[in-house]
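Residue numbers begin at 1 in each chain, while the letters A, B, ... track the order of the sequences.
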Amino acid sequence: MGQPKILCVVGPTACGKTTLGILLAKKFSGEVVGVDSMQIYRGMAIGTAAPSEAEMDGVPHHMVGVADPGEQWSAARFVQAADDCIQDILKRNKLPVLAGGTGLYLDAIVAGRAFAPGSSGGAVRRALERELEERGMEPLLEELARVDPESAGRLHPADVKRILRALEVYRETGQTISRHNRVSREMPGKYDPLYIGLAFRDREDMRTLIDRRVDAMMAAGLPEEVRALAAAAPGDATALQAIGYKELLPALEGRTSLEAAVEEIKLRSRQYAKRQLTWLRRNPAIHWIYWEKERNFAWALQIATEIITAQGLQ
RNA sequence: GGGAGCGUUCCCGAGUGGCCAAAGGGGGCAGACUGUAAAUCUGUUGUCGACGACUUCGGUGGUUCGAAUCCACCCGCUCCCA
């Protein structure tokens, strides 16, 4: 394969992607590209566990804390911007180290995948949403079945988001999203990725770590961060969908207790981690490193180095 | 001390004679995922040698062809009066 090699550190939340990514970047003269839909925003360092200047340890980071929380980013926009960073890193003969938890974004970057043509969230989308509200799902499902039977067959009738998107693509471009997806799936990847996966052998240990981390976030001033973010971003901002923020807001408004909110954050984090694992599990190329009880980065760095050496990254 | 009520599957909570292994929600587990993805959607969730069988609805005993549902007593909890 002639594609440029990149290193990808993946895994569920709280398993140490950030730390290992930095260690590997240091060791292999790389630069970190964060692949995280929420760490992109400024002012969310605590809640998204973004690395501090000290933790970065001199390793250049990209795509972390670079966007205004009021902005609406999207997968397509993210992939485009991240790819620019990667190209730039490669041009300087450094190793791109992608570290992040947003599976869709990472896969799209590695594949060099363009999302379906046309825009999203524009007039067509608004029209679809209006139709949905006025006439319900039936007519839209019928339209999809007529126009893009493949998508109609694949999508669950309750999957409103994806059904609207499929219709949006068709109405805007005259092409079906299923065809676009099929074609793009067959394209060769843009990069030659080496995946290092980090996970806990025992789910209970992951839970312990998540709980501990949430407590640490609270101690580090997450409530203040949430308050500031809420003041800086509109209520429908993507940034406010982040775990930690949407749970803490009701507590800050006195509508629920702080303790309840913290429990909610822990719960939602666990569920998020589980979904991340589901996503990752279908990628057979990942070289997994499993934590036994506690995280031990010196050990993980050692294993990762062995994997990298064996696979020949350099 | 007197009175009213409650105890259901991991949790909350329906169910008041057969259609109940027991609604619904939560949680768990599993899956999906191509422009909001830390989002969204789906399946599953008593046990087993599983188109059937077995155990379960605080406990024990009873009524009945048949009980989570009716009766008696017991245990535990809640509330009210005093």
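- In this structure, A:Glu263 atom CD and B:G26 atom C1' are separated by 15 Å, rounded to whole Å.
- Between the CZ atom of A:Arg154 and the C1' atom of B:C33 there is a distance of 8 Å, given to the nearest Å.
- Here the nucleotide nearest the side chain of A:Thr278, chosen from B:A30, B:U36, B:A32, is B:A32.
- A salt bridge links A:Lys266 to A:Asp215: one of the charged nitrogens lies within less than 4.0 Å of a carboxylate oxygen.
- Interface remark: the A:Ser74 side chain does not form any donor-acceptor pair with the B:U36 base, using a distance-only criterion of under 3.5 Å.
- A:Glu168 comes within 4.0 angstrom of no nucleic acid atom, judged by non-hydrogen atoms across all strands.
- Closest non-hydrogen pair, A:Glu247 versus A:Ala242, comes out as OE1-O, 4.1 Å.
- Of the charged side-chain nitrogens involved, at least one lies within less than 4.0 Å of a carboxylate oxygen, so that A:Arg268 and A:Glu264 count as a salt-bridged pair.
- Going from atom NZ of A:Lys274 over to atom P of B:G26 covers 15 Å, rounded to whole Å.
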**Fill in**
Protein heavy-atom contacts under 4.0 Å, written 5' to 3' over nucleotides 38-45 of chain B as B (base), S (sugar-phosphate only) or - (none), form the string BBBSS---
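- The residue A:Arg203 sits close only to the backbone: its heavy atoms come under 4.0 Å of sugar-phosphate atoms, none of a base.
- The nearest whole Å value for the distance from the CD atom in A:Glu204 to the C1' atom in B:C29 is 14 Å.
- Atoms CD and NZ, on A:Gln311 and A:Lys5 in that order, are 8.5 Å from each other to the nearest 0.5 Å.
- Using the Watson-Crick or G-U wobble rule with both distances under 3.5 Å, B:G52 pairs with B:C48.
- With rounding to whole Å, A:Arg270 atom CZ is found 9 Å from B:C29 atom P.
- For A:Thr238, whose side chain is taken as the heavy atoms from C-beta onward, the closest listed nucleotide among B:A37, B:U34, B:G31 is B:A37.
- No side-chain donor from either of A:Gln276 and A:Thr13 sits under 3.5 Å from a side-chain acceptor of the other.
- Here, B:A22 and B:A68 have their C1' atoms 8 Å apart, quoted to the whole Å.
- Between B:G7 and B:C12, the two C1' atoms lie 14 Å apart (nearest whole Å).
- Nucleotide B:C41 forms a Watson-Crick or G-U wobble pair with B:G31, both donor-acceptor distances falling under 3.5 Å.
- Nucleotide B:A4: paired with B:U78 (Watson-Crick or G-U wobble, both distances less than 3.5 Å).
- Nucleotide B:U36 has no partner under the Watson-Crick or G-U criteria, as no pair reaches both atom distances under 3.5 Å.
- For B:G35, the OP1/OP2 oxygens have a side-chain nitrogen or oxygen of A:Arg165 closer than 4.0 Å.
- Shown here, B:G24 forms a base pair with B:C12; the pair counts as Watson-Crick or G-U wobble because both key distances fall under 3.5 Å.
- Using a 4.0 Å cut-off between a side-chain N of Lys or Arg and a carboxylate O of Asp or Glu, A:Glu168 and A:Arg165 qualify as a salt bridge.
- Residue-to-nucleotide proximity on RNA chain B shows that, of A:Arg113 and A:Glu264, the 5′-proximal contact is made by A:Glu264.
- One interatomic measurement links the two molecules: CD of A:Gln271 to P of B:C29, which rounds to 9 Å at whole-angstrom precision.
- None of A:Arg171, A:Arg126, A:Arg125 except one satisfies the salt bridge (Lys or Arg N to Asp or Glu O under 4.0 Å) rule with A:Glu131; the exception is A:Arg171.
- The base-pairing partner of B:C70, taking Watson-Crick or G-U wobble contacts with both distances under 3.5 Å, is B:G62.
- A perpendicular orientation is assigned to the rings of A:Phe78 and A:Trp73, their planes being inclined by more than 60° (bins at 30° and 60°).
- A:Leu155 comes within 4.0 angstrom of nothing in the nucleic acid, heavy atoms only.
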